[in-house]
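To keep things clear, I will list the structure first and then write my remarks on it.
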Amino acid sequence: MERWRNQLYFGDNLKILRDHIPVSSIDLIYLDPPFNSKATYNMLFKEPGGEESPAQIAAFEDTWKWGKESDQAFHEVVTLAPKKLADLMEALRSFLGVNNMMAYLTMMAVRLVEMHRVLKPTGSIYLHCDPTASHYLKLIMDAIFGVANFRNEITWKRTSAHNDPKRCGRNTDIIFFYTKSNNYTWNQLFQPHGPDYQARFRNIDADGRAWADDNLTAKGLAGGGYDYEYKGARSLWRVPEETMRRLDAEGRLHFTKAGGIRLKRYLNEVKGVVLQALWDDIPPINSQAKERLGYATQKPEALLERIIRVSSNEGDLVLDPFCGCGTTIAVAERLRRRWIGIDITFLAITLMKNRLHDTFGEDRSPYRVIGEPADVPGAEALAQENRHQFELWALGLVEARPAKEKKGADAGIDGLIHFTDDNTGKYKKVIIQVKSGHVGVSQVRDLKGVLEREKATIGALITLRPATRQMREEAAAARDYQPESLPGRRFPRLQILTIAEILGGKTLQYPRLGIATFKKAPRKGKGLNPEEKQGEFKEIMAEYIPQ
């Protein structure tokens with residue numbers, strides 16, 4: 001693995017961890033594994049043969065159900081894993097039984113073993129979860145990383161209030177923080193003082209800085225002080241006379257009406273409170289947030305920024321094995337860390353690629369996508385292995401979003417592109433069908449019918465197989481679309497693109513004045529912007545004034 005290269009992997013993170021990530025190569029791991037916490041809690045413990053819980057999410061609907069794969073993983077854990085973990089998993093199975101919860105814990109256990117392997121001795125791991133399974137995951141983390149390497153159970157207040165009938169509102173998540181050894185990266189961060197503390201700084205200097213006065217005498221302090229007179233005031237002072245003169249020259253002394261001398265402490269120079277385990281100062285992503293991309297489990301960048309800053313340095317390698325919409329890699333890129341993202345759905349891979357492009361433009365670091373087809377044989381292999389993922393990959397090639405969240409009936413529409421071509425602000429749409437098998441003229445006629453039914457502007461057929469002459473003729477017979485705002489421009493109403501043509505550079509034809517297929521991430525530069533420097537306070541006078 002090249003040191004400089006960032007990586008996006010498509011596939012099962014267990015296989016990728018084992019096949020591609022070297023031992024002791026990762027500085028920081030953050031993971032937010034999917035779990036259906038909205039399902040009825042008791043349903044997660046129901047034995048197979050009874051009513052099963054709903055599919056967790058489309059990409060993981062098979063992973064978190066007890067079956068052949070989880071049974072094999074359990075056998076692997078109890079026969080090959082360290083004894084503490086093996087004993088724990090057997091005890092959990094005896095207690096929980098064979099059900100979806102046990103499948104989830106088993107599949108997490110084998111992955112966490114691999115994460116421990118790839119983590120550097122100085123590395124840290126943050127596991128983000130909710131109360132549904134956090135108590136079981138804590139035991140598994142203890143068994144793998146060691147009780148002595150548990151650092152914090154961080155509570156993130158993810159929303160101000162949550163209305164849950166007949167129970168306390170569930171408005172917090174849990175983040176378990178472990179290290180691999182006692183020698184780990186830690187960059188101390190500080191949180192701003194609360195309103196009551198800040199209210200003490202009610203004096204304002206001519207330059208607009210708020211300050212509060214503080215004691216300069218050493219009376220009552222162990223170890224004594226410095227006995228001298230300064231500008232008519234004699235006392236036992238905390239600082240030597242030389243320091244007193246320097247503070248006076250810097251305008252940091254306050255001479256009271258009673259003839260005393262006190263120290264000016266400026267609010268913008270106070271370090272703040274050492275980072276605590278309750279994180280109630282990072283709000284969730286609301287509907288108006290600029291960074292909101294519409295991904296259901298998207299976490300705020302401020303949350304990942306705090307984790308990455310406190311447990312890694314510039315140039316370190318950050319891994320997110322459940323990458324989702326790519327918040328971890330976007331923040332790691334901005335903070336000049338190297339990164340690896342893994343996800344099992346091409347929808348996530350497409351979101352991450354778009355996010356990196358929209359956020360950093362040409363300033364983004366080079367990266368490689370591993371696991372996506374690079375040619376027609378690769379596309380054919382993906383279609384044979386998983387037609388749903390082939391469909392998501394093909395839609396990503398033309399920057400279209402899926403028209404449905406899960407596998408199943410699609411009403412003749414696999415993907416959508418929304419665009420505007422005038423100043424009305426109204427969006428028009430391109431509907432897309434993806435075919436990986438045999439195609440003929442009937443598919444073009446079907447697309448024409450869907451186009452008319454949906455009152456869409458343009459219809460496109462993406463096909464893995466070559467298009468026949470009759471298909472091309474049928475598509476060409478449809479009238480062109482001519483936008484009023486673009487005189488002289490014509491766009492084929494029905495378009496056919498083969499995978500070979502797309503990989504060769506051919507694109508869909510439609511007006512591109514305003515495209516809103518995916519919500520664009522806001523453009524950001526590398527490093528920390530002034531308003532993003534959470535908890536960074538200048539240290540002053542530490543050598544002679546106790547904080």
Side-chain angles (χ1 to χ4, degrees), residues 122 151-152 154 177 179 182-282 302 305-314 335 527-547:
T122 55
R151 303 301 168 190
N152 280 112
I154 298 165
F177 168 32
T179 61
N182 197 42
N183 178 27
Y184 57 95
T185 299
W186 181 257
N187 302 312
Q188 184 65 65
L189 298 183
F190 298 87
Q191 296 172 281
H193 286 288
D196 291 342
Y197 181 87
Q198 295 186 37
R200 294 164 51 189
F201 294 79
R202 51 183 174 270
N203 304 297
I204 307 297
D205 263 358
D207 59 4
R209 289 195 298 168
W211 58 273
D213 61 331
D214 200 354
N215 186 23
L216 263 177
T217 68
K219 295 176 181 178
L221 288 182
Y226 304 89
D227 186 2
Y228 59 90
E229 180 180 324
Y230 187 76
K231 290 192 174 180
R234 188 174 192 89
S235 183
L236 192 64
W237 305 104
R238 295 190 182 195
V239 297
E241 188 170 356
E242 179 184 354
T243 299
M244 184 75 82
R245 295 183 187 280
R246 182 169 57 180
L247 291 172
D248 195 3
E250 293 172 355
R252 293 181 178 274
L253 297 183
H254 170 55
F255 296 90
T256 69
K257 293 180 180 180
I261 305 174
R262 295 179 64 82
L263 173 71
K264 287 184 180 180
R265 279 197 188 278
Y266 289 98
L267 179 60
N268 67 334
E269 294 176 336
V270 176
K271 289 175 63 176
V273 181
V274 171
L275 186 63
Q276 303 294 298
L278 173 60
W279 294 2
D280 58 357
D281 59 336
I282 299 177
E305 179 179 319
R306 177 170 293 174
I307 291 171
I308 291 172
R309 287 183 58 213
V310 78
S311 288
S312 70
N313 298 309
E314 286 193 16
L335 298 182
L528 295 174
N529 296 324
E531 66 274 13
E532 295 170 329
K533 294 184 178 180
Q534 298 183 11
E536 274 203 347
F537 296 92
K538 181 180 178 182
E539 295 188 30
I540 56 135
M541 299 182 292
E543 72 276 18
Y544 51 81
I545 298 293
Q547 295 293 320

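Sequence positions, counted from 1, serve as the residue numbers for this chain.
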Original post:
If you measure from CD1 on Ile204 to OH on Tyr266, what distance do you get to the nearest 0.5 Å?
Top reply: 10.5 Å

Original post:
To the nearest 0.5 Å, what is the distance between CZ (Arg252) and CE (Met244)?
Top reply: 14.0 Å

**OP:** Indicate the atoms forming the closest heavy-atom contact of Thr179 with Phe177, along with that distance.
**Re:** CG2-CE1, 3.8 Å

Original post:
Could you go step by step and tell me if Leu253 and Lys231 meet the side chain to side chain contact (heavy atoms under 4.5 Å, CB included) rule?
Top reply: CA-CA 12 Å; Leu253 297 183; Lys231 290 192 174 180; over 6 Å; no

Subject >> Spacing of CD belonging to Glu314 relative to CZ belonging to Arg309, to within rounding of 0.5 Å >> reply: 11.0 Å

**OP:** Just do the side chain to side chain contact (heavy atoms under 4.5 Å, CB included) check on Val273 and Phe190 with the steps written out, would you?
**Re:** CA-CA 5 Å; Val273 181; Phe190 298 87; over 6 Å; no

**OP:** Can you measure from CG (Asn203) to CH2 (Trp211) and round to the nearest 0.5 angstrom?
**Re:** 4.0 Å

Original post:
So does Arg202 have more than 12 non-hydrogen atoms from other groups sitting under 6.0 Å from CZ?
Top reply: no

Subject >> Approximate separation, where rounding is to 0.5 Å, of Asp213 CG and Lys264 NZ >> reply: 10.0 Å

Original post:
Going from CG on Leu335 to OG on Ser312, what distance comes out if it is rounded to the nearest 0.5 angstrom?
Top reply: 7.5 Å

Original post:
Can you check whether Arg209's main-chain N or O pairs, donor with acceptor, with Asp207's side chain at less than 3.5 Å?
Top reply: yes

**OP:** Run the salt-bridge test on Asp281 and Arg306 with the 4.0 Å N-O cut-off and return the result as yes or no.
**Re:** yes

Original post:
Is the number of heavy atoms from other residues, nucleotides or ligands within 6.0 Å of CD (Glu242) greater than 12?
Top reply: no

Subject >> Closest contact, heavy atoms only, Ala233 versus Ile261 >> reply: CB-CD1, 3.9 Å

**OP:** Could you tell me which non-hydrogen atom of Ala210 sits nearest to which non-hydrogen atom of Phe201, and how far apart they are?
**Re:** CB-O, 3.5 Å

Original post:
Which pair of non-hydrogen atoms, one from Leu236 and one from Gly225, has the smallest distance, and what is that distance?
Top reply: CD1-C, 3.7 Å

Original post:
Quick one: are Arg238 and Thr243 in side-chain contact, heavy atoms under 4.5 Å?
Top reply: no

Subject >> Salt bridge present between Arg265 and Glu269 (N-O < 4.0 angstrom) >> reply: no

Original post:
Which heavy atom of Thr217 sits nearest a heavy atom of Trp237, and at what distance?
Top reply: CG2-CZ3, 4.1 Å

**OP:** For the pair Tyr230 and Phe255, name the ring-plane relationship: parallel under 30°, tilted 30 to 60°, perpendicular over 60°.
**Re:** parallel

